[in-house]
Every structure is written in structure tokens, then in C-alpha cells.
Amino acid sequence: MTTTSTANGVQHVELRSGAYADSVALLQVSKDVAGVAGVQAAQVAMGTELNLEVIASMGFTLPESSPNDMIIALRCDSEEVIASAVAAVDVALAAATKRQSGGGEEQAAARTTASALKHSQASLAMVSVPGANAAVEAMDALDNGHDVMIFSDNMPLEQEIALKHIGHDRGLLVMGPDCGTAMIDGVGLGFANSVRPGPVGIVAASGTGCQQLMCLLDFAGLGMNAALGVGGRDVSAEVGGLATREAMRRLDADPATELIVVVSKPPADEVADQLRSFATELDTPVHFALLGAGQPDLTMAAEAVLAAAGHAVPNWPTWGAGDAAGSTNSAVREGFIRGLFVGGTLCDEAMLIAAAALGPIHSNIPFEAAAKLDATLTANAHLMIDFGDDALTGGRAHPMIDPSLRLEHLDRAVDDSHTALILMDVVLGHGAEADPAASLAPAIASALARAHGAGRDIAIVIACVGTESDPQNLQRQAAALADAGAEVFLSNAQAVHRALSLIGAQS
């Protein structure tokens, strides 16, 4: 524990060895403590490499630590405020612990999946622990005859393969790892949008791809009865689509499902072929939305589903200068596109569309190794970053919950004289940030004002994926972002095409 005086106040850094709380809980603790009078900055996080980098970038000097240590870093007006802030940390941590245990005091919270299942009649177990520990908990669920949804990311591939072979052999569904979105019996799990009920069942080796389809279909008036996520790696050659086939079989057996849609990030070719062959064995019609070079984008796939279901394809909504009434902001900008995404599938889709016009796009998740960004996540080229990638979420909340890292890169992109346009996604729904426009809209307005003051004309284009029934409300969020100066689209594909047009590229 160290407390030092600086020109800007007093800094306090404390290490609590062996203490643990998950990243979402610690994000709320940090926010609560930052609201204490006299606290200039507060960061409470586990001592992962990424978190240590973030805390160090805030100007704190850190002691030797491990990922199993909790770091408390405070900058306050005075030592008296430090004492109040540390007390606030303890109160917030206690509250977080009570929330996670369900608030009960008479019965201790279960500490393993196996012990939790002894007191539950549920048929599905949801695992959300650090990826290194997730396989043990998932195996507990399978051994007890339960399907399992693994929200955790950063699980080793060999563990996923083993779990899915066991699930396949036992007729159980293994959703994930890194299964961020699902809906079962109308109940959303993980990051899920509020959509109308209906005859469509979705199988998703993609979280935000699933959400994009759900929101487009909902806007068009076509409802869903289920969305079974399987994790993006399920359609890799190594995993072989084991969970995807089981999910397709489940939906085919469900009389409420009249049409199945399979959506994924770019799959292995042989797995895509196997899934298409498997679909011919089912009684329920299957439509595929498998992203890849030369394949339909997600909006085109949604339109095909609507046509198959006998629903009219609507004019997809837009807000701001690029709306359907006509653009007032069509001047061609010179420079590069900087894509800042929280959704990996939306980032993939954007790169696929943009690459057809611009060539390979630099990224932390590139399609070509030569286009891989280094640790700075910068390049003198068109680039698109997935801030939800496993490498950027270790020890910290997903960017759909905590926007801070992306907001930092928004500032960097705006201040880069080579930036012509910033392309972003905002994903609404349960589990996501309660009001993303509250922080993003002021950041957009400030960014555009700074660029204008420097004599530069940049544009900001956003795909806002959500529904009117989501807690954040699609119309309210999109309107706030448009009022700040962005052009906003429900369709990610349309947003990308608009971005290309604004830099004079043909798409």
C-alpha cells in the first residue's frame, strides 16, 4: 500500500492479494467510488496485464502483482478524501458480493456448478467464470445431464473440443465458449435484444451477428421463438460444427419453429458444406447467413428470410445526414476509415464489405496475416478494431458494458490527420450498457468540433443494433447519436456502404 502526494492531488495504490470479484462487478465498484466527492480518478480491477496497462496509463505507479490480486488505484484531492474513498471501495465491494450471491444471508451461495444444480430444477446451466476455469464448471453441468451455456471467453480450444464431443455423445447442447447471446423460451441470456415472439429459430456461431438478424427481423414484424448461440469457434475446422448441428436438431424438433436461420462468422469451408448437407435431413426449412467473401451480408440474409416467410422487406431506418430523405453531407473525404467495433461479427462484416472496394483491411482480427495490427492498434491504413476480441477483454468488462477503451481510441482516431471517417457500432439490449449514447454522443460532438477546429472535415457513421423494446430504446439512442453529428443506421451493412461512399469508394 502506498500513498503519495503529487502536483494534482494524492494518489493511493493498494494491492489485496487473493481477493477476487468479476470484471463487471469491479466496473460498478470503480464507478461508485469515482462518484465520491473529492475523488479525481478511481480504478478497481484484477491485476491482469491489460488492467495493469490501463491503470499505469492513468499515471499510477504499481507494485508487483499477479492476476489473482485486486488493485485499488485512487487519485483524490487530499488524504482525508483517500480515507473516504477506501471506505467507499469496501462498501461497494460488499454490495457487489451480496448482489452476486442473490442477497441471501441464511444460505451460503453455491461455489461450484455441481452444488448449484443440486438445488435447481433448471435444464440449462450458465457458466460465467474466468476462461481458464470454465471447462471444469461446464463439465459439472454435462455430468449432471444439463445443457450448458458458456458465457466465458478465453477458454483453450482443446477444452472446447473435448466438451463438445462429450455433449455430442450425450445428446446435450454446449453453447459457447464465448456465447454472448441466446434466447430460450422467450428469455434472453447474455447480451440479448427484446424482440417479438414468432416462428423463427436462430442458430448462431456469432453474438452480434445474431443480434443484427434479430433486430432487422423484429423491425420488419417477423418474430422469433429461440436463438441458440454456439460460440464463434464452433464452425472452425477444429470443432466441426458439433454444437451447431445439435442446435439445428433441437429447433427442428420444436413445433413452434417454422424456419431456422443459421448465422456465423466466416466458417471453415468444409464445415459450411457439412451444415448445408445436414440441413437437407431436417423437416424445417433452413436459411444460411454465413459470412464470407462473396456471400450475402447480414441485411441481405435478413431480407431473404423475410421473403421466405412472406413478409415485406421494409426501408431500413436511418437517422442523421444520411437518412432516406436525402443526404446533406455527401462531400468526399480524403483519408482512411477507422472502424471501432464492440461486435466481432459486425467488424467481420464491415471488413468483408470494405475489402471488396479497398483491399485488405488492417485489424486485430484480420482475414490476412499481413494486415494484423500490432499492440498499438494503429496503422497508416484503413483499419477496423474489434474491442470485444478475447485479447482485449481479459480481466476487464466487455466493451458493450464498459466503453472506456473504445472512447480512448475514438479520441486517437479523431486526432490522427489521416482519418477521414470513423465507423462504429452500438449494440443495445439486456446486459449491455444502460445508456451508451450518454457517453458516446458527447464524445462524438467533441470529436467533430475538434476536427472542425483543426480545419478537417471528418464523418462518423454508426450502426445502432437494437429494437424499440430494448431497455435503451433504439429510437432514443439513435436520435441522440444523430443529434451529436453522426449518421446512424439499423443495418450494419448499410452503414458500411455509406462510409465507403463518403470516402469516394465504390461498393
Could you tell me which non-hydrogen atom of [X] sits nearest to which non-hydrogen atom of [Y], and how far apart they are?
{"X": "Leu291", "Y": "Pro267", "value": "O-CD, 3.4 Å"}
{"X": "Phe341", "Y": "Leu346", "value": "CE2-O, 3.8 Å"}
{"X": "Glu368", "Y": "Pro360", "value": "OE1-CG, 3.6 Å"}
{"X": "Met384", "Y": "Ser363", "value": "O-OG, 2.6 Å"}
{"X": "Ala134", "Y": "Met155", "value": "CB-CE, 3.7 Å"}
{"X": "Val148", "Y": "Ala141", "value": "CB-CB, 4.0 Å"}

Flag the pair [X] / [Y] as yes when at least one side-chain heavy-atom distance between them is below 4.5 Å, and no otherwise.
{"X": "Leu352", "Y": "Asp297", "answer": "no"}
{"X": "Leu275", "Y": "Val235", "answer": "yes"}
{"X": "Val239", "Y": "Val230", "answer": "no"}
{"X": "Thr318", "Y": "Arg498", "answer": "no"}
{"X": "Ile337", "Y": "Val496", "answer": "no"}
{"X": "Lys265", "Y": "Thr345", "answer": "yes"}
{"X": "Gln477", "Y": "Asp470", "answer": "no"}
{"X": "Trp319", "Y": "Leu481", "answer": "no"}

Under 3.5 Å: donor-acceptor pair, side chain of [X], backbone of [Y]:
{"X": "Asp252", "Y": "Leu282", "answer": "no"}
{"X": "Asn193", "Y": "Thr467", "answer": "no"}
{"X": "Ser277", "Y": "Asp273", "answer": "no"}
{"X": "Asn364", "Y": "Leu373", "answer": "no"}
{"X": "Glu468", "Y": "Gln475", "answer": "yes"}
{"X": "Glu137", "Y": "Met126", "answer": "no"}
{"X": "Asn144", "Y": "His146", "answer": "no"}
{"X": "Asn154", "Y": "Gly131", "answer": "no"}
{"X": "Ser469", "Y": "Ser194", "answer": "no"}

Residues Asp402 and Lys31 bridged, charged N to O under 4.0 Å
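Looking at Lys31 together with Asp402, the answer is no, because their closest N to O distance does not fall below 4.0 Å.
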Cationic N near anionic O, under 4.0 Å, Asp178 to Arg233:
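No, Asp178 and Arg233 are not salt-bridged.
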Only one of [options] passes side-chain contact (heavy atoms from CB on, under 4.5 Å) with [X]; say which it is.
{"X": "Phe191", "options": "Val342, Thr208, Ile401", "result": "Ile401"}
{"X": "Ser491", "options": "Leu298, Thr299, Val465", "result": "Thr299"}
{"X": "Leu251", "options": "Leu228, Val261, Thr284, Leu259", "result": "Leu228"}

Would you say [atom1] of [X] has more than 12 non-hydrogen atoms from neighbouring residues, nucleotides or ligands within 6.0 angstrom?
{"X": "Asp169", "atom1": "CG", "value": "yes"}
{"X": "Asp269", "atom1": "CG", "value": "no"}
{"X": "His430", "atom1": "NE2", "value": "yes"}

Return yes if a side-chain donor-acceptor contact under 3.5 Å exists between Thr257 and Asn225, otherwise no.
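Indeed, the side chains of Thr257 and Asn225 share at least one donor-acceptor pair under 3.5 Å.
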Polar contact flag, side-chain donor to acceptor under 3.5 angstrom, Asn492-Glu349:
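Distance-only check passes for Asn492 and Glu349.
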Derivation and outcome, side-chain contact (heavy atoms from CB on, under 4.5 Å), residues Leu26 and Asn51:
CA-CA 12 Å; Leu26 292 181; Asn51 284 340; over 6 Å; no
Using the side-chain contact (heavy atoms from CB on, under 4.5 Å) rule, take Leu377 and Leu383 through it: C-alpha gap first, then chi angles, then the decisive distance, then the call.
CA-CA 9 Å; Leu377 299 181; Leu383 64 83; over 6 Å; no
Do the ring planes of Phe336 and His382 sit parallel (below 30°), tilted (30 to 60°) or perpendicular (above 60°)?
perpendicular
Trace of the side-chain contact (heavy atoms from CB on, under 4.5 Å) decision for Arg333 with Leu421
CA-CA 8 Å; Arg333 282 105 174 136; Leu421 184 142; 5.6 Å; no
List the steps and the verdict of side-chain contact (heavy atoms from CB on, under 4.5 Å) for Ile462 and Ile444.
CA-CA 11 Å; Ile462 295 177; Ile444 288 170; 3.5 Å; yes
